[in-house]
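Accompanying notes for the structure given below.
Remember, it's 1-based here, ligands and their atoms both numbered in the order they're listed.
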Amino acid sequence: MKKHNFFAGPSILPDYTVEETVKAIQDFDGTGISLMCMSHRDKSFDAVMNKTVELFKQVLDIPAGYSVIFLGGGASLQFAMVPMNLLRTKAFYVNTGTWAQKAAKEAKLFGEVDDTTVSSKADNYTYIPKGFKIPTDCDYMHITSNNTIFGTEILNDYDSPIPVVCDASSDIFSRPIDVSKYGIIYGGAQKNFSCAGVTFAIVKDDLLGKVDRAIPTMLNYQTHIDKNSMFNTPPVVPIFAGMKTLEWILQNGGVKEMEKRAIRKSTKLYEEIDRNKLFRGTVREDSRSRMSVCFVMNDEYKDLEAKFLDFVKGRDMVGLKGHRSVGGFRASLYNALPEESVDALVQAMKDFEKEN
Ligand SMILES: *Cc1c(COP(=O)(O)O)cnc(C)c1O
């Protein structure tokens with residue numbers, strides 16, 4: 001039984017990831033033991049950890065001087081870990097949505113935070129601020145590359161005089177990025193990488209060790225770098241599943257091909273949103289996300305929203321209801337979503353227009 005899966009997160013993963021993980025849960029690598037029941041200290045899991053880190057570096061072409069670590073607590077714990085590990089006096093937060101705001105809130109516990117100079121809050125986060133000057137008196141700049149809730153995306157890597165910290169939870173692996181332009185890139189796994197339960201962080205090694213505060217062992221990036229993400233028991237199943245997603249990305253042409261697919265899929269859908277008299281997009285055209293496509297019904301058709309959700313449900317589509325702070329609809333077009341699912345949605349929009 002197959003559905004067109006547009007959920008925002010946890011969300012669609014490659015069939016390959018799911019099938020390989022199911023196999024490993026039954027019998028891990030021919031050991032006769034389930035992956036769920038295997039000691040993380042066994043060399044068979046050590047190999048998984050090393051391979052996952054290696055593939056992660058390969059897929060994103062991560063230069064020397066960076067560590068890839070896997071943590072618990074979701075992207076939400078990174079909102080606190082980042083300032084705890086990096087913030088000495090002041091940090092600069094680009095405020096492009098709910099997640100950016102949540103990140104800034106945690107940072108304020110550790111120092112001064114400027115999260116108002118560059119913000120699209122006054123316009124309900126309908127665009128990505130552009131052309132701003134990055135302050136040089138801050139310890140780092142924090143950005144949210146894809147605003148999962150509002151449907152805007154930063155598609156460039158900033159040339160910044162201060163380290164850039166990026167929450168890339170919902171668009172990691174969807175385009176090539178120049179990792180050398182970042183200090184830290186982090187994200188929850190459950191959108192483009194794996195199932196829920198693991199958090200990835202790409203950390204520039206020489207950024208660490210510069211704050212005076214005491215950092216609890218588990219919240220110190222250095223702990224996890226030194227122990228290859230095995231200071232404590234790592235989430236073995238999500239890491240294994242993530243390894244399989246990385247293999248799938250490589251088998252499918254890498255992040256360059258993921259980007260091509262993302263452009264193709266999102267362009268198709270935005271074209272239909274713009275063409276169809278029932279619908280309109282909610283964000284400015286120059287800020288549109290390729291991963292999180294948000295749209296609503298035009299005012300004169302607002303009362304058809306529930307009917308449209310029913311209509312697409314009848315065509316085996318799930319996860320299209322918009323986030324409550326935007327309303328309407330959101331189609332998440334993650335890497336694993338096949339183009340046929342976008343075609344099915346576009347067709348449903350056309351047919352619904354005809355019927356109404
Ligand atoms: C989903 C999401 C989060 C929250 O992730 P958790 O792992 O649930 O903490 C944070 N930031 C962005 C951009 C997200 O899409």
Side-chain angles (χ1 to χ4, degrees), residues 5-13 69-84 91 93-107 109 115 119-121 125-129 140-155 157 164-175 177 182 184-202 218-219 224 229 234-235 237-239 241-242 245 262 266 282-283 287-294 319 321-326 330-337:
N5 182 350
F6 293 97
F7 279 124
S11 42
I12 190 164
L13 287 167
I69 48 176
F70 299 109
L71 309 164
S76 299
L77 185 59
Q78 294 309 296
F79 297 166
M81 262 176 87
V82 164
M84 212 181 265
Y93 277 65
V94 176
N95 184 5
T96 52
T98 309
W99 296 117
Q101 236 177 345
K102 287 189 173 176
K105 177 173 179 249
E106 298 305 303
L109 298 170
D115 61 342
S119 168
S120 50
K121 187 176 181 183
Y125 299 119
T126 49
Y127 69 97
I128 299 289
Y140 62 89
M141 164 167 89
H142 182 280
I143 59 170
T144 311
S145 52
N146 187 58
N147 296 281
T148 326
I149 293 176
F150 291 94
T152 62
E153 187 174 12
I154 295 169
L155 289 164
D157 306 315
V164 179
V165 176
C166 178
D167 174 359
S169 292
S170 57
D171 67 351
I172 189 80
F173 307 132
S174 68
R175 68 173 179 95
I177 46 177
Y182 294 84
I184 295 180
I185 302 170
Y186 68 83
Q190 66 274 19
K191 282 126 187 183
N192 241 347
F193 179 44
S194 185
C195 52
V198 70
T199 311
F200 64 84
I202 306 164
M218 273 295 286
L219 301 179
H224 303 285
S229 304
V237 173
I239 289 171
T245 301
S266 58
T282 55
V283 305
S287 304
R288 284 174 162 178
S289 166
R290 295 170 185 162
M291 292 287 111
S292 313
V293 178
C294 294
K321 194 171 165 52
H323 191 274
R324 61 191 178 281
S325 54
V326 179
R330 170 174 55 180
S332 302
L333 312 183
Y334 296 125
N335 284 346
L337 184 86

>> Among residues at least two apart in sequence or on other chains, which ones pass salt bridge (charged side-chain N to carboxylate O under 4.0 Å, His left out) with R288?
In response: D274
> Which class fits the ring pair Y93 and Y140: parallel under 30°, tilted 30 to 60°, perpendicular over 60°?
Replying inline: perpendicular
> Is there side-chain contact between P83 and L109, with heavy atoms separated by less than 4.5 Å?
Replying inline: no
Return the residue, atom name and 0.1 Å-rounded distance of the protein heavy atom closest to [atom].
{"atom": "atom 9 (O) of ligand 1", "answer": "S76 OG, 2.6 Å"}
{"atom": "atom 11 (N) of ligand 1", "answer": "D167 OD2, 2.6 Å"}
{"atom": "atom 7 (O) of ligand 1", "answer": "Q190 NE2, 2.9 Å"}
{"atom": "atom 15 (O) of ligand 1", "answer": "T148 OG1, 2.5 Å"}
{"atom": "atom 1 (C) of ligand 1", "answer": "K191 NZ, 1.3 Å"}
{"atom": "atom 5 (O) of ligand 1", "answer": "A75 CB, 3.5 Å"}

> Can N146 be said to touch ligand 1, with heavy atoms closer than 4.0 Å?
Replying inline: yes
> Does ligand 1 have any atom sitting under 4.0 Å from a heavy atom of K102?
Replying inline: no
For [X], atoms of ligand 1 separated by under 4.0 Å from a heavy atom:
{"X": "T144", "value": "13 (C)"}
{"X": "S170", "value": "15 (O)"}
{"X": "G74", "value": "7 (O), 9 (O)"}

Would you find a donor on one side and an acceptor on the other, under 3.5 Å apart, between the side chain of [X] and the backbone of [Y]?
{"X": "S287", "Y": "Y127", "result": "no"}
{"X": "S289", "Y": "M291", "result": "yes"}
{"X": "T245", "Y": "S194", "result": "no"}

> Is there a salt bridge (Lys or Arg N to Asp or Glu O under 4.0 Å) between K121 and D115 once you walk through the steps?
Replying inline: CA-CA 10 Å; K121 187 176 181 183; D115 61 342; over 6 Å; no
>> Check for me whether the distance between the ring centres of Y334 and F6 falls short of 6.0 Å.
In response: no
